[in-house]
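Have a look at the structure below before the remarks.
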Amino acid sequence: MATTSDSPTVQEPLPIFKLAQRYLVYDADTVTYLRREHNICGVLIGGLPQAPQQNVFSGLPLELLPEEARLLVEKRVAYVVDDVAKHRRAFLEDGMSAEERRAYQAALRKQGLAAAGEKNRKSEQRKKATLEKLGTENWNDLPEDMLKPRSDRRKRQGGSSEGSTIQPNDTPDDETLFDSPGAAALCKASTPHNARSAEPQPFFVTPTTSYPPLQSAAPPSESTHVDAPDAPQSYPIFRYLHDQGYFLAPGLRFGCQYMAYPGDPLRFHSHFLVNGMDWDQEFDLLDLVTGGRLGTGVKKGFLLGGQEEGGEGRDKGAAKSGDETSRGVRSFCIEWGGM
Amino acid sequence: MTPPTPHPSALQSLLKTHTPATPGPPDIHPYKNLTLQIAHNLRHQHAWTRIRIHWPSPSPSPSPNTTSPPRPLISGLPPRRLYTHPDEQIELLQSHRKAGLSGIPEMKAEREWVLPCSVREKWTLGRFGEVFDSVGKVPGFGEGSVVEGLGDGGESEEAEGEEVEGEGNSWRTEQPKRILMAILDDDSTVVYYIVHDGLVKPRQN
């Protein structure tokens with residue numbers, strides 16, 4: 001979940017992870033920071049475990065458009081980490097030193113021990129509570145079927161458990177569902193009953209992230225050349241609008257390439273439906289009419305733009321930014337004439 | 001005895017008036033009838049006045065300030081204001097209210113540029129750029145040629161001398177240039193779209 005602190009503690013340049021041609025950010029602080037400081041929203045694509053059947057509200061990770069990734073890399077705010085290559089190097093090609101490996105395994109074991117200890121503590125508590133509850137009651141008052149599953153289970157366990165007390169493991173227990181069965185079996189089989197209170201066997205932990213074992217790559221130094229991610233031909237207008245302070249979002253729902261918001265999309269309606277193209281790329285006038293109509297119908301401007309080619313790069317329009325990459329970008333807004 | 005042929009339409013007559021004398025070089029011919037038809041539509045369907053056509057000059061323009069348009073353009077005066085910037089509208093309404101008036105303030109019409117196109121044409125950003133580079137913010141006083149046979153196509157020179165529409169409005173001169181793009185379809189439907197040369201926030205009407 002996003003932190004509520006006022007200033008996320010992240011340090012530029014930030015890592016963007018490239019996986020299967022997607023640019024992903026996994027860290028909530030980074031997501032907040034990019035949105036707040038760099039007007040980059042991206043799209044949250046992670047399913048929410050609490051509500052897996054819907055896709056209206058999504059969680060981490062954040063997917064960035066190639067344009068966004070490129071812009072951040074060009075501004076030296078972020079750098080791209082090739083996740084596949086990194087994993088391959090570290091895990092398949094023996095990129096980790098033996099020491100790192102040992103340290104990581106120790107950390108995992110510690111984690112497993114903590115989990116097992118926690119579970120033991122909980123079941124002890126439950127046992128105590130149950131005994132207290134049952135302590136004064138007559139055993140004959142218990143319903144018949146309450147004891148049934150217990151006897152079944154006792155048979156399976158081959159008499160290794162004692163009979164008279166209710167064992168914590170025998171109480172209906174949701175948690176056991178989520179334990180790895182092998183680990184639980186191993187734990188039970190190898191632990192003599194009277195050693196239960198001693199240190200439990202650690203659970204096996206299946207790591208869900210690979211970034212404790214992998215070290216976050218060192219960001220490229222200021223002088224090194226970085227390969228900016230490839231972006232479509234509409235990149236110049238994207239960059240130009242971003243430099244003008246607009247927030248850009250994917251524009252599929254309005255049939256355009258981007259939607260341009262004058263501020264954070266949570267606070268403003270978008271102003272423009274943006275399509276970027278090359279300076280000499282031909283398009284049908286019908287497309288212009290369609291876009292102009294749609295834009296006017298939803299109270300937005302239909303904006304076409306691209307990098308002006310040829311000549312001295314006259315900086316017309318509102319292009320006053322000193323950024324050389326968005327210089328010479330020209331845009332045209334189209335609205336219905338009302339007649 | 002052949003039945004009498006029907007009278008040619010008003011548009012047909014207008015085109016015929018302009019057929020013999022070619023005001024430009026042959027290469028503007030593809031746009032000539034298109035331009036006249038748009039001018040006709042502006043005059044008679046939308047009641048524009050003072051319509052003038054700005055033909056591309058055959059040779060490089062003599063003065064460096066006014067470059068010749070790459071294709072014919074029309075300028076004219078709409079019966080009422082065609083475009084109001086949203087911020088200008090707010091300003092007008094506020095000053096209007098301060099003055100203790102109610103209703104919608106009267107706005108003076110401004111001369112507009114019109115770019116005639118056919119829907120079958122292909123278009124590029126570069127062409128927009130060329131057109132915008134060749135025009136000023138407001139069509140200049142006395143520029144362009146009067147269209148013969150259009151009726152009140154701007155013959156009243158003295159009327160035009162009194163007020164140069166749009167030039168006094170700082171909103172017009174400070175905002176990016178704008179052009180009205182007229183797109184003609186085969187069934188003689190004409191649709192008009194305002195094109196701004198830059199980022200202009202949309203109207204909220």
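Lettering follows sequence order; numbering is per chain, from 1. Only heavy atoms go into these numbers, but all of them, side chains included; no hydrogens, no water, no symmetry mates.
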At a heavy-atom distance under 4.5 Å, which candidate from A/Gly305, A/Gly306, A/Gly338 has the highest pair count against chain B? A/Gly305
So, taking the atom named NZ in B/Lys201 and the one named CD in A/Glu335, what distance separates them when rounded to the nearest 0.5 Å? 11.5 Å
Are A/Leu288 and B/Phe128 close enough that some pair of their side-chain heavy atoms sits under 4.5 Å apart? yes
Taking everything shown except A/Leu252 itself, do over 12 heavy atoms lie less than 6.0 Å from its CG? no
Greatest number of heavy atom pairs closer than 4.5 Å to chain B - which of A/Val289, A/Asp284, A/Asp280, A/Leu286: A/Val289
Which answer fits A/Phe332, side chain, backbone, both or neither, if we ask what part of it has an atom under 4.5 Å from a heavy atom of chain B? both
Is A/Leu303 close to chain B through its backbone or its side chain, or both, or neither, when contacts mean heavy atoms under 4.5 Å? side chain
Measuring heavy-atom distances to chain B, does A/Asp287 have an atom under 4.5 Å in its side chain, in its backbone, in both, or in neither? neither
Shortest non-hydrogen contact from A/His271 to B/Pro202? O-CG, 3.4 Å
Minimal non-hydrogen separation, A/Phe272 against B/Leu199, with atom names: CE1-CD2, 4.1 Å
Under 4.5 Å to a heavy atom of chain B? For A/Tyr246 that would be side chain
Between B/Leu125 and A/Phe283, the two heavy atoms sitting closest are N-CE2, 4.0 Å
Non-hydrogen atoms of A/Gln281 and B/Thr124 that approach each other most closely: O-CG2, 3.4 Å
Nearest 0.5 Å please: distance from the CH2 atom of B/Trp123 over to the CG atom of A/Leu285. 7.0 Å
Please determine, among A/Ala260, A/Cys333, A/Gly292, the option with the most heavy-atom pairs under 4.5 Å with chain B. A/Cys333
Report yes if some heavy atom in the side chain of B/Arg203 is under 4.5 Å from a heavy atom in the side chain of A/Thr296; otherwise report no. no
